[in-house]
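Below is one structure, written out as structure tokens; comments come after it.
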Amino acid sequence: MPVEFLGIAATGDGSETTPRSTAAFDRDYTLRLARAHEDHGWDRVLFAYGAGSPEPAAAAAFLASHLDRLQILLAHRPNVSHPTFAAKTFATLDQISDGRLTVHFITGGSDHEQQREGDFLSKDQRYERTREYIGIVKKAWTSREPFDHEGAHYRFNDFVSDVFPVQQPRPAVSFGGSSDAAYAAGGAEADIYCLWGEPLARTAEQIERVKEAARAAGRTDVPRIQVAFRPIIAPTEELAWEKAHRTVAAIKARRAAGDLVRRGRPLGAAAVTPENTGSQRLIEIAEAGERYDRALWTPTAAATGGAGNSNALVGTPETVAEALLDYYDLGVDILSARGYHLLDDAIDFGRHVIPIVREEVAKRDAAKAARAAAERAERDRHQLIAVQA
């Protein structure tokens, strides 16, 4: 199966290691970073969502009007707009981008962050709302006839859109989470299920949970799997590990100074237990050990309190590429990666890691196709012998 690479479409140059030197929305930087991805082999970039951050749909439209090939993954929280309005926004953006849009629906893992924009539902209620919301958006994308809806969270009559996506029947839906409620909602509705980078064995367990949830929802297909990492690469293993330790030191220094913000609040030096299951898993994994499998390294996650995509892959480009191929062999076909110097790391990863992974995936796929052809030929031979007998 083909492999895809997802990067980040940041609108400013700050990261966990470096304070932002640009405006929150810097047109030049946004475009420069996106072009670096497009020019260096990436398939798609994520426009993330934060309560106080620049509005991602508008930023994505800006990007789509300037670039011709790079695909867009747009993060969206259901609490910020009515689903019919969101469906029109997404369809318009798919038109602007000529069919390059995927929508990532975020249920919300922090009560405080949700409440910053007036959302006071419980976590379970938010998952229930997200599932209803996605269903409405899908119907608005595909229904040419007016329809009514009356559910637990939304009610409206006689809606029909006058703008439809370029992609038919609709753009893909992306979803993530590691709780039972997340598996149930994403297993039912997602075309792509997103996971944070964990050890291989635990990732395999999560993939199986997603498949089970899809089957429980009555699906005959299963979502594609995406896994996210923070790669730290250098020409030698020694230099890569020196870079990794400098990275963690910089994160810890910013956290101690009160400069590291998580979900709208300074993280501070004291340990804080996150509300969402995914971050709790990252902390648990970090407490159990620093290094896993070929190149997975957890101190970056520990230093940020399990904040989002925070486990690293450390090593030479060849080592990191082999580590990513280990996940591909589990069934992961979308690899998300974001460095700590957004622009330079996007270029380095695109130049030195992506070509290795693509070449090896092509070899694996060719070998798999050859084995399948040989098996078909052997079956045909046995059938012919049986007929002749």
- prompt: Roughly how far, to the nearest 0.5 Å, is CD1 of I8 from CG of L73?
  reply: 9.0 Å
- line: Minimal heavy-atom distance between S310 and L282, with the atoms involved, is OG-CD1, 3.6 Å
- request: Kindly indicate whether the side chain of P223, heavy atoms from C-beta on, has any atom under 4.5 Å from the side chain of D191.
  value: no
- prompt: When you check the side-chain N and O atoms of S21 and D13, is any donor under 3.5 Å from an acceptor?
  reply: yes
query: Just wondering, do L121 and R129 contact through their side chains at under 4.5 Å, heavy atoms?
result: yes
Less than 3.5 Å apart, which donor and acceptor atoms pair up between the side chains of residues 209-217 and the rest of the protein, not counting sequence neighbours?
{"unit_1": "R209", "atom_1": "NH2", "unit_2": "D180", "atom_2": "OD1", "d": "2.7"}
{"unit_1": "R215", "atom_1": "NH2", "unit_2": "E208", "atom_2": "OE2", "d": "3.0"}

Between CG on residue L63 and NE2 on residue H37, distance to nearest 0.5 Å: 10.5 Å
- prompt: With a 3.5 Å cut-off and no angle check, do the side chains of N311 and E198 form a donor-acceptor pair?
  reply: no
For residues 150-159, run the donor-acceptor check on the side chains, cut-off 3.5 Å, and write out each pair with its distance to 0.1 Å, sequence neighbours left out.
{"unit_1": "H153", "atom_1": "NE2", "unit_2": "E128", "atom_2": "OE1", "d": "2.8"}

field: Of R126, R77, K123, the residue whose pairing with E113 passes salt bridge (Lys or Arg N to Asp or Glu O under 4.0 Å)
entry: R77
- prompt: Do D293 and Y327 have side chains that get closer than 4.5 Å, going by heavy atoms?
  reply: yes
field: Spacing of D119 atom CG and N79 atom CG [to the nearest 0.5 Å]
entry: 4.0 Å
D43 and R358 ion-paired at < 4.0 Å: yes
Pair up each side-chain donor or acceptor in residues 230-239 with any protein partner under 3.5 Å, not counting sequence neighbours, and list the distances.
{"unit_1": "R230", "atom_1": "NE", "unit_2": "R338", "atom_2": "O", "d": "2.7"}
{"unit_1": "R230", "atom_1": "NH1", "unit_2": "E16", "atom_2": "OE2", "d": "2.7"}
{"unit_1": "R230", "atom_1": "NH1", "unit_2": "N309", "atom_2": "O", "d": "3.2"}
{"unit_1": "R230", "atom_1": "NH2", "unit_2": "E16", "atom_2": "OE1", "d": "3.0"}
{"unit_1": "R230", "atom_1": "NH2", "unit_2": "G339", "atom_2": "O", "d": "3.2"}
{"unit_1": "T236", "atom_1": "OG1", "unit_2": "L239", "atom_2": "N", "d": "3.1"}
{"unit_1": "E237", "atom_1": "OE2", "unit_2": "T316", "atom_2": "N", "d": "3.3"}
{"unit_1": "E237", "atom_1": "OE2", "unit_2": "T316", "atom_2": "OG1", "d": "3.3"}
{"unit_1": "E237", "atom_1": "OE2", "unit_2": "T319", "atom_2": "OG1", "d": "2.5"}

Donor + acceptor pair across side chains of T84, H82 (<3.5 Å): yes
field: salt_bridge(D39, R351) N-O dist < 4.0 Å
entry: no
field: Side-chain H-bond candidate by donor/acceptor type, T130 with T107, under 3.5 Å
entry: yes
Side chains of residues 45-52: which donor-acceptor pairs under 3.5 Å do they make with residues two or more places apart or in other chains?
{"unit_1": "Y49", "atom_1": "OH", "unit_2": "E117", "atom_2": "OE1", "d": "2.9"}
{"unit_1": "Y49", "atom_1": "OH", "unit_2": "E117", "atom_2": "OE2", "d": "2.9"}

query: Any luck finding a side-chain donor-acceptor pair between E132 and H149 under 3.5 Å?
result: yes
field: Ionic contact status for R202 with E284, cut-off 4.0 Å
entry: yes
query: Less than 4.5 Å apart, any side-chain heavy atom of W42 and any of F349?
result: yes
query: Considering only heavy atoms from C-beta outward, does the side chain of Y292 approach that of I285 to under 4.5 Å?
result: yes
- prompt: Okay, side chain of W141, backbone of A87: is any donor-acceptor separation there less than 3.5 Å?
  reply: yes
message: We want to know whether Y133 and H76 form a side-chain donor-acceptor pair, criterion being a heavy-atom distance below 3.5 angstrom.
response: yes
- prompt: Under a 4.5 Å cut-off applied to non-hydrogen side-chain atoms, are L6 and Q226 in contact?
  reply: yes
task: Indicate yes or no: does K363 engage E359 in a salt bridge with an N to O separation below 4.0 Å.
output: yes
- line: Hits for side chain to side chain donor-acceptor pair (under 3.5 Å) against Y183, two or more places apart or cross-chain, chain-then-number order -> Q206
- prompt: Is it true that a side-chain atom of Q280 and a backbone atom of E275 form a donor plus acceptor pair closer than 3.5 Å?
  reply: yes
- prompt: Do D329 and R364 meet the salt-bridge criterion of a basic N to acidic O distance under 4.0 Å?
  reply: yes
task: Just jot down the side-chain contact (heavy atoms from CB on, under 4.5 Å) partners of D26, sequence neighbours excluded, or say none.
output: T22, D28, Y29
task: For R44 and Q71, test the side chains for any donor-to-acceptor distance below 3.5 angstrom and give the result as yes or no.
output: yes
field: Test: R294 and D326 ion pair at under 4.0 Å
entry: yes
